[in-house]
Amino acid sequence: MSDQPLTEVIAPAPGERLRALREQRGDDPEELYAIVSGEAFTQMPTDLYIPPDALEVFLETFEGPLDLLLYLIRRQNLDILDIKVAEITRQYMQYIELMTALQWELAAEYLVMAALLAEIKSRMLLPRPSFDLEDEDDPRAQLIRRLQEYERFKSAAEQLDTVPRLERDLFRAYAERPELTRQQVEPEVDLKEVLIALSRVLHRAEMYTRHAVKLEPLSVRERMSDVLARVNDAPEEFVPFVSLFNVREGRLGVIVTFLALMELIRERLIDLVQNGAFAPIYLRAAAN
Amino acid sequence: MLELQRIKQIVEAALLCADEPLTVDLLERLFAEGECDKPTLKSIIESIEEDCAGRGIELKRVASGYRFQVRQELAPWMSRMWEDRPPRYSRAVLETLALIAYKQPVTRGDIEQVRGVAVNSNMVRALLERDWIRVVGYREVPGRPAMYGTTKTFLDYFNLKSLDELPTLPEIRALIEPIEAELAGAGPEYVEGPRVEFPTDTVVVAEEFLETDVEPRAERER
Amino acid sequence: MLELQRIKQIVEAALLCADEPLTVDLLERLFAEGECDKPTLKSIIESIEEDCAGRGIELKRVASGYRFQVRQELAPWMSRMWEDRPPRYSRAVLETLALIAYKQPVTRGDIEQVRGVAVNSNMVRALLERDWIRVVGYREVPGRPAMYGTTKTFLDYFNLKSLDELPTLPEIRALIEPIEAELAGAGPEYVEGPRVEFPTDTVVVAEEFLETDVEPRAERER
């Protein structure tokens, strides 16, 4: 999460430049409206429906044509529904000529609004009967509705700006954390994961080698490890053959141990040693 | 169970060194089996809240849990600690946020419809990155535009427990009285509405507008 | 001069929301002319220190000033807040473990031969440290490579009485194939956790490169 884009996009607040200009000039902030080519406007022109190219500050001050119209209505008591069509058309044409690529997008929205105002006016000039006031499509009704809806959220935004918030009105309280005693957490493994890993690795091995990897019964493999560990851990070099068999394991246990021994011998991991016929048999780790 | 005083120390300390607000559930996880139970935790939290009376900080419950914060009345002194002025948000941001907060879920098209200007996509991205808004779905119209809603982080930032704690959405105000009256036809059946605060003939219109969806959704989207 | 209680609130709040420890000089700067003087500040700090008795935090004087910190004795509880979620073993570790279980006693060389890629010594060490595998002997070939087998701990972890309770290869195939078929459709993240974003076969290699200490196999085994 980075705040960088937010600060870039969100600040400085619009009107900031205007505010700064006002402070700089020491003008009464309420009086000064805009500064165009160094000339102070203390009053908003009442007949301006499209911000002229020169009024850069203007674009920063208003959020768009709805905002501008609201201003004209609320502050200038302007009847936006009764404007001079000729005048707005002239401004419209002039503006298209002056329009720079830079402000095209924003300007477009003002132009649409100017066109709408001109349309309203022209429809009002038509004979009354054809102008149905109850009509859903009445552009005046639509415009008023949009203006009212916009005004509602404009005030909602102003209210939101007064809600106490972090960084300005409230600050989180923190204390330095103590030196943490970190416990090592061991990974958790599901047996299924091990099996999936096995099947995958064997599958892969089959793809790369001629024959399938052979797996002996697991009881034998396990016993091989056990026997090998005993032989390796034994204090003496030789481990008696008989000591590997445990009666309690029964016949099956004996067979498993025997198979394990055979496999260990075949893999040359242990040697069997017998000094003479019928002498005790011993095991030892395979010598090279 | 641990001694109550020890539990209180742990809870207070945890709330002061956590990066984010903590819920009772998260607090409970600090304790080993049998060290503390939920009812105890809740009463401890209350007692910590009471302890804050008269102090410079308060325990506040916001959307994502409890956090300690400096009381608002002390902000003038606190702000002297930092050279930077607190961030200010442009009207475009605040209006967009207000629209998303009050009308969620909304698409960019919905926002543009109300504001009458294009929504800057960098701004939307910045709000998403800040985790103040999130995509809550897509509207099933051509182009499947994303619908946005606010997040807990947004509520936390504005010190709110839930969306209902937002100030109520301002009423629609009468705009151009003569025309509105004319448009409404001043029918008596409308006069009785519950929100009468304006002169009768204008209220009628205002109510009309309140209840009317400006335009069918599908048309607006494109 | 402000009321003492207000000064105390401000000092406490400032110490709790400052990013750095605060000196008495810095604290003094929070106040406007005449609101507070240094001797008052110093006695306020002392009184805040005393208030901390029995609480979860203490006011500590460090080289660069005063700051609140959580008492060290609470570290065991605080640590739980930042406890990492248990890590996961990589596919390479799991394959190594599976091969040791099913083909024990095996050397690293044996495992490498089946896996077709080098086995990182860290992987073996991790399994040894976990006491899931042990060295059961050394193969009497040049280099005397260690042979590994599984342990009692391994059996206990997976709740097995003996190794032959593990399914046989045909059983595994019957068990796994439906899962794998499902995974092929559902996306790979189920099995492998968040890292898998590539087709299966390429991942294996990619992971190997990530985790393998590059050690030529020939050198190691002889």
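Numbers restart at 1 for each chain; the letters A, B, ... are given by sequence-line order, proteins then strands.
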Quiz item: Does a sphere of radius 6.0 Å around NZ in B:Lys152 hold more than 12 heavy atoms from other residues, nucleotides or ligands, not counting ones at 6.0 Å or beyond?
Solution: no

Throw together a table of side-chain donor-acceptor distances under 3.5 angstrom for residues 29-37 of chain B, partners on residues two or more places apart or in other chains.
{"residue": "B:Glu35", "atom": "OE1", "partner": "B:Ala32", "partner atom": "N", "Å": "2.8"}
{"residue": "B:Glu35", "atom": "OE1", "partner": "C:Trp77", "partner atom": "NE1", "Å": "2.8"}
{"residue": "B:Asp37", "atom": "OD1", "partner": "B:Thr40", "partner atom": "N", "Å": "3.0"}
{"residue": "B:Asp37", "atom": "OD1", "partner": "B:Thr40", "partner atom": "OG1", "Å": "2.2"}

Quiz item: Side chains of C:Trp82 and B:Cys17: closer than 4.5 Å at any heavy-atom pair?
Solution: yes

Self-check item: CD/C:Glu165: more than 12 non-hydrogen atoms of other groups inside 6.0 Å
Solution: yes

Quiz item: Considering only heavy atoms, which portion of B:Leu27 lies under 4.5 Å from any heavy atom of chain C: side chain, backbone, both, or neither?
Solution: neither

Quiz item: For chain C, which residues from residues 2-15 of chain B have at least one heavy atom closer than 4.5 Å to it?
Solution: B:Leu2, B:Gln5, B:Arg6, B:Gln9, B:Ile10, B:Glu12, B:Ala13, B:Ala14

Quiz item: Distance from C:Met78 atom CE to B:Leu16 atom CG, nearest 0.5 Å?
Solution: 9.5 Å

Quiz item: With C:Asp19, which residues qualify under side-chain hydrogen bond (donor to acceptor under 3.5 Å, both in side chains), at least two apart?
Solution: none

Exercise. Just jot down the side-chain hydrogen bond (donor to acceptor under 3.5 Å, both in side chains) partners of C:Lys161, sequence neighbours excluded, or say none.
Key: none

Exercise. Find the distance between CG (B:Leu26) and CE (C:Met81) and round it off to the nearest 0.5 Å.
Key: 9.5 Å

Self-check item: CZ (B:Arg80) with more than 12 external heavy atoms under 6.0 Å
Solution: yes

